[in-house]
**Student:** 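Sharing a structure, written as structure tokens. Questions coming.
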Amino acid sequence: MTRAERKKQHIEHALSTGQHAETGLKDVSFVHVGLPDLATSQIDTHTTIGGLTFGSPIFINAMTGGGGKSTYEINRSLAIAAKETNIPVAVGSQMAALKDKEERRTYEVVRKVNPDGIVFANLGSEATIKQAKEAVEMLEANMLQIHLNVIQEIVMPEGDRDFRGALDRIAAIAESVGVPVIVKEVGFGMSKETAKKLYHAGVAAVDIGGFGGTNFSKIENLRRQKALHYFDQWGIPTAASLAEVHTSFPDQTVLASGGIQDALDVTKSIALGASAAGLAGFFLKSLTDGGEKGLIADMIDLQEDVKMMMTVLGAKTIEELRQTQVVISGDTSHWLKERGVDTTYYSVRTNKKKG
Ligand code: FNR
């Protein structure tokens, strides 16, 4: 099977396996604020990642490119919607374009239609410094995402089986690529121990890419003769992963993704410590079902709904939303207790700015 055929299968299987809301975000509840003393018109949703300021705390996470015309069309639509709504957009792994120049256009279209927007380049942790620089130049990217996808590779019939040296390569790229580096998981979550290594390696942010949304074990199992189903349940759910990374490294930038389905998920993720939330599967489905118009409408709704929730929570900025009180219950609470995280960090804190 060619790389391009694999890319198309990923899209088909991502849509057919869908997202199952096992993120743990249902275990997170806001402490209602009766006197928010704020108007929606005062809300400012700017956020900062790696020294770059984004107008919105929502971004389109990495999906595609490298699969010929169909992936060109998807990236073009995603970029049009990103431009229209002023939200950052990531491309899928650019390795296909580094190996086959014909595929470059399926990625370059993102920069072409959105010349002034924030664009993330994307490669796996097998990339060399030279490849990382080429991927960034291809898109004049503002940031580089490096994905960690060990479970996907191991389940993928033609996937990697050797995962040595990734951290050293990431550190070398972070030092020399010239743009901030985000290291992301693809739906299996990130532990605080992994995040610690990445922050020490010099990355600007980690995107915990938690369990509960698009499931690349299920997707790759559909492409195997003998399925490895035990990996279908593998991973740290998004809420637990976010909370353990943020409480361990409150001064570092953490991003949320993995099963984010609506504005409530976005708002809860930010309250757990994220500076922004990435959506992949949801936007892919929105585009498939409603075309560019439907996607743009969903993106606008998401942004507006986040503002509504910020208003009732009395959080004027993303920074203030990151300090609102939430109570964590259920399996997420259990996970965090077992991992040595004191969840009262979230439930009794007072907003530093508001006192
Ligand atoms: C992805 N994802 C992904 N991630 C990455 O870093 N490079 C890639 O090339 C891809 N490719 C890809 C294809 C398709 C069709 C989907 C749906 C997703 C993973 C994505 O960025 C994200 O981490 C996971 O999908 C989890 O988020 P959602 O989908 O639950 O919001």
Side-chain angles (χ1 to χ4, degrees), residues 3-25 58-67 70-71 73-75 78 88-98 103 106-107 110 120-127 132 135 141 143-153 156 159 170 181-190 206-220 222-223 235-239 241-242 255-262 265-266 269 274 276-288 298 302:
R3 194 185 285 264
E5 283 163 347
R6 185 169 80 224
K7 302 274 173 184
K8 285 181 209 157
Q9 283 198 345
H10 282 163
I11 289 163
E12 282 163 26
H13 296 333
L15 287 166
S16 73
T17 51
Q19 314 216 299
H20 297 285
E22 298 155 12
T23 58
L25 288 167
I58 295 165
F59 62 96
I60 304 175
N61 220 345
M63 277 185 276
T64 202
S70 58
T71 58
E73 294 295 344
I74 291 173
N75 273 341
L78 294 176
V89 54
V91 297
S93 174
Q94 289 164 264
M95 198 51 90
L98 300 181
E103 295 289 354
T106 65
Y107 300 91
V110 171
F120 301 163
N122 186 289
L123 281 175
S125 58
E126 74 282 10
M143 290 205 187
L144 170 66
Q145 289 182 322
I146 298 178
H147 61 261
L148 305 179
N149 67 340
V150 171
I151 302 295
Q152 181 187 4
E153 291 289 343
M156 192 188 298
I170 288 168
V181 169
I182 299 169
V183 174
K184 71 185 285 282
E185 250 292 349
V186 300
F188 301 96
M190 220 179 265
V206 301
D207 173 347
I208 56 89
F211 181 84
T214 303
N215 185 324
F216 269 95
S217 174
K218 285 188 183 165
I219 291 173
E220 295 298 348
L222 286 173
R223 304 179 55 246
I236 310 175
T238 296
S241 183
L242 253 182
L255 307 178
S257 71
I260 308 289
Q261 296 290 303
D262 56 28
D265 287 346
V266 172
S269 299
L279 294 81
F282 175 84
F283 285 149
L284 180 65
K285 187 168 184 318
S286 167
L287 176 64
T288 308
D298 279 347
L302 271 176

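These numbers come from the heavy atoms of this one structure, side chains and all, not from hydrogens, waters or symmetry mates. Indexing begins at 1, ligand by ligand and atom by atom, following the structure's order. All figures in this text were calculated on a predicted structure; none of them were measured in a lab.
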**Student:** Establish, from distance only, whether the side-chain atoms of D207 and S257 form a donor-acceptor pair under 3.5 Å.
**Tutor:**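 Distance-only check passes for D207 and S257.
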
**Student:** How many angstroms lie between NE2 in H13 and CG in N215, if you round to the nearest 0.5 Å?
**Tutor:**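 Spacing of NE2 (H13) from CG (N215) equals 13.0 Å.
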
**Student:** What pairs with Q145 under side chain to side chain contact (heavy atoms under 4.5 Å, CB included), at least two apart in sequence or on another chain?
**Tutor:**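 If we apply the side chain to side chain contact (heavy atoms under 4.5 Å, CB included) test to Q145, skipping adjacent residues, the hits are F59, N61, A62, A90, F120, N122, I182, K184.
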
**Student:** Between E220 and R223, is there a side-chain N and carboxylate O pair less than 4.0 Å apart?
**Tutor:**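 The answer is yes: the pair qualifies as a salt bridge.
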
**Student:** Heavy-atom cut-off of under 4.0 Å around ligand 1: list whichever protein residues fall inside it, by chain and number.
**Tutor:**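 The answer is H10, I11, A14, Q19, N61, A62, M63, G92, S93, N122, H147, K184, E185, V186, G213, T214, F216, G258, G259, L279, A280, G281, counting any residue whose heavy atom sits under 4.0 Å from ligand 1.
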
**Student:** Quick one: list whatever passes side chain to side chain contact (heavy atoms under 4.5 Å, CB included) with L15, sequence neighbours left out.
**Tutor:**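 So L15 forms a side chain to side chain contact (heavy atoms under 4.5 Å, CB included) with I11, L284, K285, T288.
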
**Student:** Among residues at least two apart in sequence or on other chains, which ones pass salt bridge (Lys or Arg N to Asp or Glu O under 4.0 Å) with E126?
**Tutor:**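 E126: no salt bridge (Lys or Arg N to Asp or Glu O under 4.0 Å) contacts found.
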
